[in-house]
Amino acid sequence: MSAEPRTSQPNSDRFAWWREARFGLFIHWGLYALPAGIWQGREIAGIGEWIMRRAPIPVREYEQLAGRFNPVEFNAESWVQLAKEAGMRYIVITSKHHDGFALFDSKASDYDIVDATPFRRDPIAELAAACRKHGLRLGFYYSQAQDWHDPDADGNDWDYDVAQKDFARYFERKCVPQVREILTQYGPIGLIWFDTPRTITPEQSETLTQLVHTLQPDCLVNSRVGHGAGDYASQGDNRIPFCVKREPWETPATLNDTWGFKQNDHNWKPVGTLLRLLVDIAGKGGNYLLNVGPTALGTIPGPSIERLRAIGRWLKTNGEAIYGTQPSPFLAEQPWGAVTQRPGKLYLQLFAWPKSEFVLRGLQSRVGRAYLLADPTQKVGVTQSQAGLLDLTELRLTLPASAPDPDVSVIVLEIAGEPAVDPAPIQQPDGVLMLETCLADVTPAAGSDFRLNSDGHVENWTTPGDALSWSCKVATPGRFAVELWSSAPRGAAWTGGQTLTWTLDGAAQTMVVQQDDKAPYARSPHQSFLISRLGEATIAQAGQHTFSVRLDGVAADDATGLLARGVRLTPLA
Ligand code: H79
């Protein structure tokens, strides 16, 4: 979404609470909760808080909503209580979204909840007090570039003549003063969450970060301030990386599809999906910022409350595997679940409960004892072996018959010292071998910018000669289907037509890439993969093998290159 942050300081004290917290509540609340997705009887497609832009609604009409915004059922304590019950440790609320309406008492603009609505209360002040009382950190979302109410800001081209706009004028008149207000009126603030930098200049991004740090030195700034001026990386909305990411990062995510309340959005994610996202994100080293969109009356929708409470129940039992943990020692995703760690302990977080035995390949640390986090009295048997030829370590756990949790069950492994894992891709017990780009040797052609990005796929795969290779371990030989898994580029069409040569132990095949199939991303419902069949391969013997794939020719209209996550070898029957 934005450039990676420049000033990330993973060991800095400023991040101590952040790393401990792991899980936060995002709140999108504003005038858009009144239409709730419907304008003049017409269902408006897209996310609810975008209704002004999508309908579109003229400023003079949208402003009228303020006269009707009277959320009499708003109760800051109950929102904070819910966040606590959910096991969340911080709250980030929209102080001003793209529509330009301030949810706090602003002097810089009258278009705010105290001056322009019959409600006349400042919910941000009430929320700040409740957060302080209950020990939660508070952060503010602030839309710094888009402001559809302001004639000089980015975004509104249906009321205002774009040619007449002077962004700097808006920036000085409204943006900077309001950012100063939210950092001076409400006590200590954990973070400022900027969004959609758009046409903001590098200097203006820098000005905002400096302003935040000057007023509150410990306040974190997310990367969407723009131009690498932030402290930590915001992933794209509802997007998770494919492997461990070392610098601090956070995924903002929805419970359904919208952020701001939409009366007809009933596409709620099941609790199991949400729990798997939580543990997957923790295992990759990130924070999960999960959103609710309160109604115009100030209440949080029932389906949101139920789901947050269910996550809280899980965390009450399993929180030790989440709060303040370190990411997985395995760089790549584990197909069976996620791993977190703290000194002396590994937490295996299983998405499905195996029949009696669980087999983990590649862990080289000696395991002393294993137990269920939910019930340490239940016995888990441990055997460890090391197969000579491959030097392949295998841990076998004998488990109780029933899963401690229907969605995510946590097994604790006690180990001595730093965990040691095999860095090579290893064939899984089911025969699948996933060659993730995060485990590859990435070799760019001369002058090429082909590289692994920090989300776990390669980018700029556009220069002939750009190559990936892996030295991998195969325990069960056979015949395999070979597929390339890529992400769809955001906001651009996927283009095939590239010529690739792939090589297994020296035997080469050349083929032209096309989209043969599509696969959902099991742990992230807003993401999916495009699958290109590369052919079939025979691996005759168990052992170490070398697989590589090289770009030979590009498609004429390919701007982004293949955003490859990896190559998957699936055993053929
Ligand atoms: O605050 C939430 C979103 O409103 C904001 N980021 C999260 C945290 C956001 N701003 N921009 N975007 C997300 C991406 C915009 C996507 C768009 Fe569309 C595609 C805008 C117009 C077309 C999807 C469809 C959203 C509105 C209609």
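Note that ligands are numbered from 1 as they come in the structure, with each ligand's atoms numbered from 1 the same way. Along the sequence shown, residues are numbered consecutively beginning with 1.
Taking 4.0 Å as the cut-off between side-chain N and carboxylate O, Arg239 and Asp455 do not count as a salt-bridged pair. Under 4.0 Å is where a charged nitrogen must lie from a carboxylate oxygen, and between Asp237 and Arg224 at least one such pair does. Between Arg53 and Asp157 there is a salt bridge, since a side-chain N of the basic residue sits under 4.0 Å from a carboxylate O of the acidic one. Checked for salt-bridge contact, Glu333 and Arg565 meet the test: a charged N lies under 4.0 Å from a carboxylate O. Residues Asp150 and Lys174 are not paired through a salt bridge, judged by the lack of any N-O separation under 4.0 Å between the basic side chain and the carboxylate.
Less than 4.0 angstrom separates some heavy atom of Tyr141 from each of these atoms of ligand 1: 1 (O). Near Thr196, with a cut-off below 4.0 Å to any heavy atom, the atoms of ligand 1 are 10 (N), 11 (N). Counting the atoms of ligand 1 from 1 in the order shown, those under 4.0 Å from a heavy atom of Glu49 are 2 (C), 3 (C), 4 (O).
Comparing Ile44, Asp195, Val92, Ile51 by heavy-atom distance to atom 6 (N) of ligand 1, the nearest is Asp195. The option from Arg198, His28, Arg54, His98 that lies nearest to atom 2 (C) of ligand 1, judged by heavy atoms, is His28.
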Side chain to side chain contact (heavy atoms under 4.5 Å, CB included) between Trp148 and Val59, intermediate numbers included: CA-CA 8 Å; Trp148 303 329; Val59 164; 5.9 Å; no
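For the pair His97 and ligand 1, a heavy-atom separation below 4.0 Å is found. Assignment of Arg53 to the shell around ligand 1 is not supported, since no heavy atom sits closer than 4.0 Å.
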